[in-house]
Amino acid sequence: MNLEESLNKIWQDAEKDFEGAENLRQLEELKIKYLGRKSYLAEFPSLLKNLSSEEKRKIGSLYNDLKTKIQNLYLKKKEILSEEKIKFDFEHPGIDIKIGHQHLISQTLDEIKNIFLQLGFSIVDYDQIVDEKENFDYLNVPPNHPARDMWDTLWVKNFKGYLFRTHTSVFQVPIFKKFGVPLKAVIFGKVFRYEATDRTHDFEFYQLDGISVSEKTNLGHLKWTVEKFFEKFFTQKVKIRFRPSYFPFVEPGLEIDISCVLCNQKGCPVCKKTGFIEVAGAGMIHNFVFKSAGIDYKKYQGYAFGFGVDRLIMIKHNIDDIRILHSSDLRFIEQF
Ligand code: PHE
C-alpha cells in the first residue's frame, strides 16, 4: 500500500469509527487514536522524507486535508453527542424525597390527649414564659420559701419576675380564673429547669398536669382516673400505689407509683427491683390555691396531678437516655 492509499484507508476507517462513537468518552478515545501524539498521522510527516519534492507537495497536501477532515469529523460528532447528553430523560428515576413524620413526643402527646378526652377532660394551654406569682406564689410557694428549691428556675433576663415555667401546674390559678369551677382540664407542654443534664434529666422536658374540681371530687376519683389513664396508655392492667409526699399546692400530697409495666413486678433495672415505678405527683388541691383563684374552698374540692411525659415515653419504649428525645438524631427519630 503506498502512502496515498494508506491515507485513503485511514479516512475510510475514521469515518466509520467516528460514526459509530456512542458517547463522548468513546469520541475522545478516537481523537487520540487518529490525531493524538502517537497516532499514525502524527508520525506520517517523517515518511515523506525520501519522496521527491513534487510528491512531497502532493502527499503533503492530501495529508493536511485528511487531518482537517478528521478534526471536523470529531467536532461535528462532539456537537451531536453533547446535545444528546442534555436531552431530558423522562424515564430516569428521580431523587427520592424524604417525607417526615410526627416526632415520637408529638405522637405520644396526641395519644395522651385522646385518652384524657375520653376520660371527660378538656384540653387547655398556657404560656411558657410566666409571672413568678403564677408559677410559685399563687401555688403556695412564697418568695424565699425553701420549696422553691424543688424547681431550679430559669429567669428571664431584664424582665424581673418573669421565668420559663418550671412546671405545668402554673396553669391552675389562671385556668380557674378563666373558666371557673366545676372544671376538669389537662395541660401539656414544655417546662424548663436550670439543671445539669444526665440520662434522666434535661433542662427542658414535657409535663402534663390535670385538675378536676367539683363539690364532691375526692381521692378515689383521682385513683380511678390515673389507673384508667395508665391502663390505656400502656395497654395493660396496672396497679396504682399512693405514697404520702409534699407539694405546697396540694394537701394531702401524694406520689403515684404504677406497677412496673416492663417486668410485671418480677423486678428489673427500671423499677430497681421494687416492682413499682414512680410516675406522678398529685394530691387534693390546697385551699390556698382556691383562695388565689377566688374560688369558694368551703364549697369546692378537687384533685391535681402532674407527670413527666418524657419519662412515660422512656418507660413505654424502653429508652434509657432522655436527651435523645430532644436531639434531632434521625437514627432515633426514624425508629418511631
Ligand atoms: N408540678 C409538680 C412538679 O413539677 C407535680 C405535681 C403536679 C404535684 C400536681 C402535685 C400536683 O413536680
Side-chain angles (χ1 to χ4, degrees), residues 112 116 119 121 123-128 130-142 145-154 163-176 181 183-195 200-213 217-227 229-230 240-258 277-290 292-293 295 297 300-312 314 322:
I112 295 176
F116 276 106
L119 293 170
F121 285 79
I123 314 281
V124 296
D125 199 8
Y126 199 63
D127 305 341
Q128 295 193 344
V130 295
D131 191 316
E132 125 179 60
K133 291 201 178 63
E134 299 164 336
N135 197 87
F136 292 125
D137 301 40
Y138 295 163
L139 297 176
N140 201 18
V141 196
H145 191 286
R148 285 212 179 182
D149 293 349
M150 290 165 79
W151 297 278
D152 296 307
T153 308
L154 284 158
L163 54 96
F164 287 83
R165 65 181 179 198
T166 63
H167 53 176
T168 38
S169 302
V170 69
F171 90 128
Q172 289 189 11
V173 170
I175 230 72
F176 285 141
V181 285
L183 185 64
K184 268 175 95 173
V186 283
I187 181 175
F188 310 79
K190 245 187 193 177
V191 299
F192 309 84
R193 303 268 171 100
Y194 181 55
E195 230 174 332
T200 52
H201 296 89
D202 212 340
F203 66 92
E204 49 178 353
F205 53 97
Y206 286 82
Q207 272 193 343
L208 173 152
D209 258 62
I211 49 103
S212 177
V213 176
T217 308
N218 61 45
L219 279 184
H221 297 131
L222 171 66
K223 185 156 188 268
W224 183 88
T225 304
V226 289
E227 192 174 288
F229 168 73
F230 285 114
I240 300 293
R241 186 168 80 173
F242 281 174
R243 276 182 297 116
S245 184
Y246 171 69
F247 297 97
F249 34 92
V250 282
E251 180 61 37
L254 309 166
E255 208 81 59
I256 302 178
D257 299 340
I258 59 167
I277 20 190
E278 188 185 312
V279 284
M284 292 302 287
I285 296 171
H286 201 292
N287 286 347
F288 187 95
V289 177
F290 284 135
S292 306
I295 287 165
Y297 61 88
Y300 289 100
Q301 57 183 43
Y303 61 76
F305 57 85
F307 41 72
V309 175
D310 306 70
R311 181 156 159 72
L312 295 188
M314 289 167 74
I322 186 172

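Here the structure is a predicted model, which is why all the values come from computation and not from measurement. Excluded from the calculations below are hydrogen atoms, water molecules and symmetry mates; all remaining heavy atoms, backbone and side chain alike, are included. Atoms within a ligand are numbered from 1 in the order they appear, just like the ligands themselves.
Scored by the salt bridge (charged side-chain N to carboxylate O under 4.0 Å, His left out) test, Arg193 finds no partners at all (sequence neighbours excluded). With sequence neighbours excluded, the residues forming a side chain to side chain contact (heavy atoms under 4.5 Å, CB included) with Leu254 are Leu219, Leu222, Phe242, listed by chain and number.
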Check ligand 1 for N or O atoms under 3.5 Å from a protein N or O and list each pair with its distance.
from: ligand 1; atom 1: 1 (N); to: His167; atom 2: ND1; distance (Å): 3.0
from: ligand 1; atom 1: 1 (N); to: Ser169; atom 2: OG; distance (Å): 2.7
from: ligand 1; atom 1: 4 (O); to: Trp151; atom 2: NE1; distance (Å): 3.3
from: ligand 1; atom 1: 4 (O); to: Arg193; atom 2: NH2; distance (Å): 3.2
from: ligand 1; atom 1: 4 (O); to: Gln207; atom 2: NE2; distance (Å): 3.0

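We find that Glu132 and Arg165 are not joined by a salt bridge, their nearest charged nitrogen and carboxylate oxygen being 4.0 Å or further apart. Between Lys190 and Asp310 no salt bridge is recorded (no basic side-chain N to carboxylate O distance below 4.0 Å). In this structure, Glu255 does not pair ionically with Arg243, as no charged nitrogen and carboxylate oxygen lie closer than 4.0 Å.
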What pairs of donor and acceptor atoms, side-chain ones from residues 167-174 against any protein atom, are under 3.5 angstrom apart with sequence neighbours left out?
from: His167; atom 1: NE2; to: Asn135; atom 2: O; distance (Å): 3.1
from: Thr168; atom 1: OG1; to: Gln207; atom 2: OE1; distance (Å): 3.3
from: Thr168; atom 1: OG1; to: Asp209; atom 2: OD1; distance (Å): 2.8
from: Ser169; atom 1: OG; to: Asp209; atom 2: OD2; distance (Å): 2.6

